[in-house]
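Along the sequence shown, residues are numbered consecutively beginning with 1.
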Amino acid sequence: MDDDESIREALCDLLMVAGLACCTFDGAPAFLADQGARGVDCLITDVRMPGMSGLDLLERVRAGGSNLPVIVLTSVLDQSARARALELGAQAWLTKPVADDALLDQLKAAIGSEDWPGEPGQ
């Protein structure tokens, strides 16, 4: 989830090339309002977004009792924000620009290799 459409599209393209399904949202309220979003395996979010920050979204997801894996992908270099995200259980804090392999490695760790496309047992 990112408020920048070009970043959302590029990220979704990367995930689809890796064999993963992807849906995008332009902000936290859109994600929270979408009933289908409850079936996602991992959430990738930015920190700075209009309406509700990625950290606020992460806090809200956790307050609802979800252990949904969350990866924060951001240009924010604030160590206190990073610490807060990790305290709330974020799988990873990655800074933009991020190498495709680094993001995919974190995503694979978040969802588990048994659910990764092309892995044994698929």
Side-chain angles (χ1 to χ4, degrees):
M1 165 175 352
D2 199 296
D3 60 322
D4 184 321
E5 183 176 4
S6 63
I7 291 176
R8 286 194 314 269
E9 288 176 2
L11 181 58
C12 194
D13 288 346
L14 171 66
L15 298 179
M16 289 190 309
V17 166
L20 300 165
C22 175
C23 54
T24 62
F25 301 91
D26 63 359
F31 174 79
L32 292 170
D34 188 321
Q35 293 296 321
R38 287 166 181 48
V40 301
D41 294 321
C42 184
L43 170 64
I44 301 172
T45 186
D46 196 354
V47 171
R48 290 189 188 133
M49 295 183 295
M52 179 186 290
S53 76
L55 292 180
D56 290 339
L57 173 61
L58 177 54
E59 192 169 323
R60 188 134 168 220
V61 166
R62 294 297 180 250
S66 173
N67 350 336
L68 175 68
V70 176
I71 296 172
V72 178
L73 177 60
T74 186
S75 59
V76 173
L77 299 175
D78 180 339
Q79 289 303 312
S80 64
R82 179 182 183 279
R84 181 72 182 132
L86 296 175
E87 285 172 14
L88 288 167
Q91 171 78 23
W93 176 283
L94 303 171
T95 54
K96 297 175 189 173
V98 65
D100 293 350
D101 288 344
L103 177 58
L104 292 174
D105 287 347
Q106 288 296 331
L107 187 56
K108 185 175 184 178
I111 65 173
S113 60
E114 66 277 356
D115 293 325
W116 195 256
E119 293 296 319
Q122 289 292 306

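Residues satisfying the side chain to side chain contact (heavy atoms under 4.5 Å, CB included) test with Val98, not counting sequence neighbours, are Leu73, Leu94, Ala102, Leu103. By the side chain to side chain contact (heavy atoms under 4.5 Å, CB included) test, Asp100 is found to be paired with Leu14, residues two or more places apart in sequence or in another chain being considered. Thr45 meets the side-chain hydrogen bond (donor to acceptor under 3.5 Å, both in side chains) test with no other residue; sequence neighbours excluded. In this view, Asp78 and Val76, Ser80, Ala81 satisfy the side chain to side chain contact (heavy atoms under 4.5 Å, CB included) rule, not counting sequence neighbours.
Expressed to the nearest 0.5 Å, how far NZ of Lys108 lies from CG of Leu20 amounts to 10.5 Å. Here the CG atom belonging to Leu55 is positioned 10.0 Å from the CG atom belonging to Asp46, to the nearest 0.5 angstrom. Note that the CG atom of Leu107 and the SG atom of Cys42 stand 5.0 Å from one another [nearest 0.5 Å]. Atom-to-atom distance recorded for Leu68:CG and Leu58:CG is 9.0 Å, nearest 0.5 angstrom.
Within the structure, every pair that satisfies the salt bridge (Lys or Arg N to Asp or Glu O under 4.0 Å) test and touches residues 54-71, not counting sequence neighbours, is listed here: Glu59-Arg84. Annotation: side chain to side chain donor-acceptor pair (under 3.5 Å) contacts involving residues 7-29, sequence neighbours excluded, are absent.
Hydrophobic clustering keeps Ile7 apart from Phe25 (ILVMFWY residues linked when any side-chain heavy atoms are closer than 4.5 Å, directly or through intermediates).
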Query raised in the report: Would Leu104 and Trp116 count as a side-chain contact (heavy atoms from CB on, under 4.5 Å) if you check the C-alpha gap in whole Å, the side-chain angles of each, and the deciding distance to 0.1 Å?
Result: CA-CA 10 Å; Leu104 292 174; Trp116 195 256; 4.1 Å; yes
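For Ala90 against Val72, the heavy-atom pair with the smallest separation is CB-CG2, 4.2 Å.
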